[in-house]
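Structure record follows, encoded as structure tokens.
Computed over heavy atoms, backbone and side chain alike; hydrogens, waters and symmetry mates excluded. All ligand and atom numbering here is 1-based and tracks the order in the structure. Numbers here simply count residues along the sequence, with the first being 1.
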Amino acid sequence: MNEFELIKNYFAKQTGKRNDVIESIGDDAALVTVPRDQMLAITTDTLVVNTHFLPSTSAYDIAYKSLAVNLSDLASMGAEAAWVTLALTLPTADETWIAQFCQGFFALANDHHVQLIGGDLTRGPLAITITAHGFVPTKKALLRSGAKPRDLIYVTGTLGDAGAALQFLQNKIALSENQQIYLLKRLHRPTPRLQIGLTIRDFAHAAIDISDGLAADLSHILQQSNVGATVYVDQLPLSQVLEQAVSQDVAIEFALTAGDDYELCFTVPPEKRLLVENELAKTACRFTCVGEITENKQFNLCYQDGKKYHATYLGYQHFE
Ligand code: ADP
Ligand code: MG
């Protein structure tokens, strides 16, 4: 098959279509209509073999994750996802691989009513670049810069699972078969928290998605909002599987410093606590308050009894 046949037979075969797409795959550019009174949210992420995933990762998982990390960026802005483009660089035109890639890609895309509207196909070392587009009503977007002293800090889901899976793949920790199944799924198929983004955008002051570990990503909020934080490390949400797989200290370290969780971290003014928790309880997603924003610009990691968390685990001098 040549490039055009591959596009026609695989990439143009998505079943879920949107009625705001006027022209999609097949012309020189896609044409879409943007709803009135909404801003476009646009984000791009590239995943490169050996850097972002191991060569042994399945085509299904590579596609799923590439799309998920982009949708996660829209989620953290409080945006509704709409369209994506896909620039794919492949070493060979392996049809079985492409078929599995499209299966993973469209499974997640259809789940979120996201349409693939164009892209590019080139030959070279395996790399996937996705640009995702979504909408957010004017003034409703969640920024990293909006956190205020006394805000409560929340995270979705559980943290550290993907980090543990990566350590397993690098032969640094051992896992039972059941632990492998659960944790590898968390690494390869992260859940973009789009529904949560829409739920919190009426209440939250700031949000970010956790791609590099809570400590690093919350630091971005702190810097851009010009505030500090206290995070209670014994309040971090850990999955049962992770707690059984490693010691509590190691689990906390993964939660704080390992990447690839793609959960959301957001801050909420304390007077909206009940309101936001009520709304979040209606979703199936776990959420946990892990600390609060402070006027004092330090990032304080401690236990609930006030004891300091020993930053030596982190290898980061500035988290003391
Ligand atoms: P051009 O040379 O004009 O850039 P291409 O031959 O690259 O056109 O692509 C033809 C059409 O197929 C375009 O509409 C483009 O958006 C779409 N397309 C190319 N590669 C992909 C892909 N991997 N996924 C989805 N659409 C694609
Ligand atoms: Mg092109």
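- Contact annotation for Leu116 and ligand 1: only side-chain heavy atoms (C-beta onward) come within less than 4.0 Å of the ligand.
- Of all non-hydrogen atoms in Gly16 and Asn110, the two that sit nearest each other are N-OD1, 3.3 Å.
- In the hydrophobic clustering of this structure, Tyr154 does not group with Leu236; members are Ile, Leu, Val, Met, Phe, Trp, Tyr whose side-chain heavy atoms approach within less than 4.5 Å, directly or through other members.
- By the 4.0 Å N-to-carboxylate-O rule, Arg193 lies too far from Asp209 to be salt-bridged with it.
- Heavy-atom contacts of Glu3 reach the following atoms of ligand 1: 6 (O), 7 (O) (cutoff under 4.0 Å).
- Contact annotation: for Ile7 versus ligand 1, heavy atoms closer than 4.0 Å belong to the side chain alone.
- Using a cut-off of 4.0 Å between Lys/Arg side-chain N and Asp/Glu carboxylate O, Lys282 and Glu279 are scored as salt-bridged.
- Residue Gly26 has at least one N or O atom closer than 3.5 Å to an N or O atom of ligand 1.
- The distance from ligand 1 to the heavy atoms of Asp120 drops below 4.0 Å at these ligand atoms: 7 (O), 19 (C), 20 (N), 21 (C), 22 (C), 23 (N).
- In the vicinity of Leu121, heavy-atom distances shorter than 4.0 Å reach the ligand 1 atoms 20 (N).
- Look at Arg286 and Glu263 and you find no salt bridge, because none of the NZ, NE, NH1 or NH2 atoms lies under 4.0 Å from a carboxylate O.
- Polar contact with ligand 1: present for Gly119 (N/O pair, distance under 3.5 Å).
- Taking every non-hydrogen atom of Asp27 and a distance limit under 4.0 Å, the qualifying atoms of ligand 1 come out as 13 (C), 14 (O).
- Partners of Phe135 according to the ring pair (Phe, Tyr, Trp, His ring centres under 6.0 Å) rule, which considers only residues two or more places apart in sequence or in another chain, are Trp83.
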